[in-house]
Participant: 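Please find one structure pasted underneath; my questions will follow.
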2 protein chains.
Amino acid sequence: MSFQNNTMDECCTVNLTVRYLTKKWTLLIILELYKGDNYTRRFSELKASLPDITPKILSERLQELEAENIVSKKIDASIVPVKSEYTLTESGVELIGVIRDIKYWALKWKIDNIPCGSQECKLCKL
Amino acid sequence: MSFQNNTMDECCTVNLTVRYLTKKWTLLIILELYKGDNYTRRFSELKASLPDITPKILSERLQELEAENIVSKKIDASIVPVKSEYTLTESGVELIGVIRDIKYWALKWKIDNIPCGSQECKLCKL
DNA sequence: CCGTATCCGACTTGATACTG
DNA sequence: CAGTATCAAGTCGGATACGG
């Protein structure tokens, strides 16, 4: 989570970007948001769509993405229970191209593996 | 390195691909190979280009990439010291598009950060 | 419902040393 | 040069608890 104590500081923006985009779950979270109406999903929806992620890690990743302006958060505290929504920003939506590229690459070179379309698959509906 | 003990088994090919491509250092190694003549680099050259990677991790990643047919390895043991070369396969070269996308995204949305072109930058010469 | 906090074990990565 | 061995450090996962 913190990049302060290593050599990230010395890296240029692009190198830095690769590093946090490739953190575990990050791309899959972005994809889940993309699939929601208006690129928006609630915390519990994300949790349900990513069965193996823990609330702790999901919370951490969302905060990181918010800090990078890839995701914006909106809370409606006027109702109970509180309603919170996470939405891809414009820059966030543009990251979908990266994920789509990976999908096409995988379909081209790895088609001999498990067929897509199962409930477990978070990428193949892209 | 081993995906046997977690839920990776239940994932489809594409999801699986995201997981290993986003392991730390993987994309940067692919990029370094891409920048070499004939998409080829020696172990020590990769090590030198990625100052913060340890030989252990570099070795592990190269083995993983070789197993995925993204990198091919050639060893000339007839000479001393032994000469080993790692080359991007056709599928490996096609992954450069993913990295290039990330670069363009970063340059578009993160240009207010550290300028590129320094020795430390492994991506901006792409 | 929406999280954050904690504790802890497992896995991943890092630092350093060392060999053919 | 091209790695492997060893051990330390960091990140992630699992369970559970708790507060807004």
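Reminder, nothing fancy here: chain letters follow the sequence lines and each chain counts from 1. Since the model is a prediction, treat every value here as computed from it, not as a measurement.
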Participant: With a distance cut-off below 6.0 Å to the six-membered ring centre and an angular limit of 45° from the axis, does B:R100 pair with B:W105 as a cation-pi contact?
Facilitator: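 No, B:R100 and B:W105 do not form such a contact.
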Participant: Roughly how many Å is it from NZ in A:K47 to P in C:dG3, rounded to a whole number?
Facilitator: 13 Å
Participant: Using OP1 and OP2 only, check whether a side-chain N or O of B:W25 sits under 4.0 Å from C:dG14.
Facilitator: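 Yes, such a contact exists.
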Participant: Go along nucleotides 1-7 of chain D 5' to 3' and tag each nucleotide: B for a protein heavy atom under 4.0 Å from its base, S when only backbone or sugar atoms are that close, - otherwise.
Facilitator: SSBB-BB
Participant: Take the protein atom CZ of A:R61 and the nucleotide atom P of C:dG3, then report the distance between them rounded to whole Å.
Facilitator: 16 Å
Participant: Take atom NZ of B:K23 and atom P of C:dG14, then tell me their distance rounded to the nearest Å.
Facilitator: 11 Å
Participant: Nearest whole angstrom, please: distance from the P of C:dC7 to the CD1 of A:I57.
Facilitator: 17 Å
Participant: Mind checking whether A:Y34 and A:Y39 have parallel, tilted or perpendicular rings, split at 30° and 60°?
Facilitator: parallel
Participant: Where do A:E45 and A:R42 land on the salt bridge (Lys or Arg N to Asp or Glu O under 4.0 Å) test, with the steps shown first?
Facilitator: CA-CA 5 Å; A:E45 293 174 323; A:R42 301 182 61 171; 5.7 Å; no
Participant: More than 12 heavy atoms of other residues, nucleotides or ligands under 6.0 Å from CG of B:D76: is that the case?
Facilitator: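 Above 12, so yes.
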Participant: Only Watson-Crick and G-U wobble pairs with both distances less than 3.5 Å should count. Give DNA chain D in dot-bracket notation, marking inter-strand partners with |.
Facilitator: ||||||||||||||||||.|
Participant: Are A:R41 and A:E32 close enough, and set up right, to give a salt bridge (Lys or Arg N to Asp or Glu O under 4.0 Å), and what steps lead you there?
Facilitator: CA-CA 8 Å; A:R41 283 272 161 98; A:E32 281 308 311; 3.1 Å; yes
Participant: Report yes if a side-chain nitrogen or oxygen of A:K24 is closer than 4.0 Å to either non-bridging phosphate oxygen (OP1 or OP2) of D:dG13; otherwise report no.
Facilitator: yes
Participant: Give me the one residue out of A:I96, A:L88, A:T89 that meets side chain to side chain contact (heavy atoms under 4.5 Å, CB included) with A:L33.
Facilitator: A:L88
Participant: Send over the distance from B:Y20 OH to C:dT12 P, rounded to a whole Å.
Facilitator: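 Rounded to the whole Å, the gap is 16 Å.
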Participant: How long is the span from the CD1 atom in A:I75 to the CD atom in A:E85, to the nearest 0.5 Å?
Facilitator: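 These two atoms lie 11.0 Å from each other.
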Participant: Which whole-number value in Å describes the distance from A:L58 CG to D:dG14 C1'?
Facilitator: 15 Å
Participant: Rounded to the nearest 0.5 Å, how far apart are CD of B:E90 and NZ of A:K108?
Facilitator: 6.5 Å
Participant: With a sphere of 6.0 Å drawn around NZ of B:K47, does it hold more than 12 non-hydrogen atoms of other residues, nucleotides or ligands?
Facilitator: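 Yes, because the 6.0 Å sphere around NZ of B:K47 holds more than 12 heavy atoms from other groups.
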Participant: Return the value, rounded to whole Å, for the distance between atom CG of A:L46 and atom P of C:dC2.
Facilitator: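 So the two atoms are 10 Å apart, to the nearest Å.
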Participant: Tell me the interatomic distance from B:R19, atom CZ, to C:dC11, atom P, rounded to whole angstroms.
Facilitator: 14 Å
